[in-house]
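Position 1 is the first residue of the sequence, and the numbers go up from there. Nothing here was measured: the structure is a model prediction, and the numbers come from that model.
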Amino acid sequence: RRVLFRSVLACVLYFGAFSVSKLLTPSSVKYAHLESTSDLFETRGRVTHDFQESLKALENRDYEATVNWLNKDIVYNRGDETIFYSYYILGLAYLESAQTDIIGLFPSYDKTKVNQGISAFNKALELNNSGKFRNINLDIYFFLAKADFMLNNVSGAKENLKKVVSEKGSNMDEAKKILSGLD
């Protein structure tokens, strides 16, 4: 009987906390969540050792190692035409490592890491100006929108999502769905 009582009590407490979490968490935070990004970088053309090691670390959710490998790649390959892609992955690593919660409840984001991600994305946009990789820029705008949601900047997120939709980025359908949920 005690075990059953404790189990029922634990369930009631969790669902109570779940309800409170839903009430207290800003609605924009639900749009900030990142789906798995591991399929975003497997087919890209950067082949440096440091970049490949960063992908392995990111796949293993070792964000500190990911950042370290990418920073090394950026330092040693500064002039490379595709170095913007290292900044792009760096931005993703910062955003993925920014989320904190308590057993899946009360999600929040480390503002410092989110802002570091935004800086990396902006650097990627600045460097990706050849016109050959326009699709990456649209992906970056999508993740900038996610970062805006993490900072509860809904107007900034809308602006970035509208750009993804108007220019038909690969995340256009998701962007449309999010925009319709905001109205």
Side-chain angles (χ1 to χ4, degrees), residues 25-46 51-52 54-71 73-74 82-101 107-182:
T25 303
S27 60
S28 63
V29 169
K30 71 180 176 182
Y31 298 117
H33 178 72
L34 296 176
E35 302 300 323
S36 173
T37 58
S38 61
D39 61 333
L40 294 175
F41 49 78
E42 290 177 4
T43 61
R44 302 301 174 190
R46 287 204 56 72
F51 184 78
Q52 294 302 315
S54 77
L55 297 183
K56 289 178 195 171
L58 186 59
E59 202 170 298
N60 292 324
R61 297 181 186 273
D62 184 349
Y63 302 116
E64 188 176 330
T66 301
V67 168
N68 290 336
W69 284 113
L70 287 167
N71 282 326
D73 186 47
I74 288 166
T82 60
I83 197 65
F84 68 87
Y85 203 73
S86 291
Y87 283 101
Y88 170 53
I89 300 300
L90 184 61
L92 288 174
Y94 280 126
L95 292 191
E96 286 201 22
S97 67
Q99 183 170 345
T100 59
D101 58 50
S108 64
Y109 296 90
D110 178 322
K111 290 182 185 342
T112 300
K113 288 181 181 179
V114 174
N115 284 316
Q116 288 172 313
I118 290 170
S119 293
F121 286 141
N122 286 331
K123 186 68 175 176
L125 287 170
E126 175 189 322
L127 294 173
N128 185 21
N129 55 20
S130 70
K132 294 180 189 175
F133 308 100
R134 186 178 148 277
N135 61 320
I136 298 300
N137 284 357
L138 295 175
D139 289 346
I140 291 169
Y141 286 117
F142 180 79
F143 288 109
L144 281 169
K146 294 284 190 169
D148 284 330
F149 284 128
M150 291 175 184
L151 298 174
N152 205 21
N153 176 7
V154 177
S155 63
K158 282 182 175 180
E159 205 174 295
N160 284 315
L161 291 171
K162 287 176 182 175
K163 186 174 207 85
V164 172
V165 171
S166 70
E167 296 187 32
K168 297 179 173 54
S170 64
N171 294 298
M172 180 178 69
D173 292 337
E174 180 67 15
K176 283 181 183 177
K177 191 163 75 171
I178 293 170
L179 283 168
S180 70
L182 292 171

Verdict with reasoning, Asp148 to Asn160, per side chain to side chain contact (heavy atoms under 4.5 Å, CB included): CA-CA 9 Å; Asp148 284 330; Asn160 284 315; 2.9 Å; yes
May I have the step-by-step check of ring pair (Phe, Tyr, Trp, His ring centres under 6.0 Å) for Tyr85 and Tyr88, ending in yes or no? CA-CA 5 Å; Tyr85 203 73; Tyr88 170 53; 5.2 Å; yes
May I have the step-by-step check of side chain to side chain contact (heavy atoms under 4.5 Å, CB included) for Ile178 and Phe149, ending in yes or no? CA-CA 11 Å; Ile178 293 170; Phe149 284 128; 3.7 Å; yes
Could you walk me through whether Phe133 and Phe84 satisfy the ring pair (Phe, Tyr, Trp, His ring centres under 6.0 Å) test, starting with their C-alpha distance in whole Å, then the side-chain angles of each, then the deciding distance to 0.1 Å, before giving a yes or no? CA-CA 10 Å; Phe133 308 100; Phe84 68 87; 5.3 Å; yes
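Applying the side-chain hydrogen bond (donor to acceptor under 3.5 Å, both in side chains) test to Lys158 and every residue at least two apart in sequence or in another chain returns nothing.
At least one cation-pi condition fails for Lys113 and Tyr94: the charged atom is not both under 6.0 angstrom from the six-membered ring centre and inside a 45 degree cone around its axis.
Thr66 and Ser54 share no side-chain donor-acceptor pair at under 3.5 Å.
We find that Lys177 and Glu174 are joined by a salt bridge, their nearest charged nitrogen and carboxylate oxygen being less than 4.0 Å apart.
The distance from the CD1 atom of Ile74 to the CZ atom of Phe51 is 10.0 Å, given to the nearest 0.5 Å.
With contacts defined as side-chain heavy-atom distances shorter than 4.5 Å, the pair Tyr87/Phe121 does not qualify. Residues Arg46 and Asp73 are in side-chain contact: their nearest non-hydrogen atoms beyond the backbone lie under 4.5 Å apart. Using a 4.5 Å heavy-atom cutoff, the side chains of Leu58 and Tyr63 are in contact.
Sequence neighbours left out, the pairs with a member in residues 115-127 that pass side chain to side chain donor-acceptor pair (under 3.5 Å) are Lys123-Glu126.
Checking side-chain atoms of Asn128 against main-chain N and O of Ala124 turns up no donor-acceptor pair under 3.5 Å. The main-chain N or O of Ala57 is never found under 3.5 Å from a side-chain atom of Asp62 such that the two would form a donor-acceptor pair. Judged by distance alone, the side chain of Asp139 and the main-chain N or O of Gly169 form no donor-acceptor pair under 3.5 Å. Remark: the backbone N or O of Tyr31 is paired with a side-chain donor or acceptor of Lys146 at under 3.5 angstrom. Using a distance-only test at 3.5 Å, with no hydrogens or angles considered, a donor-acceptor pair links the side chain of Asn71 to the main chain of Val67. Arg134 contributes no side-chain N or O that, together with a main-chain N or O of Asn129, makes up a donor-acceptor pair within less than 3.5 Å.
Atom CD of Glu159 has 12 or fewer neighbouring heavy atoms from other residues, nucleotides or ligands inside a 6.0 Å radius.
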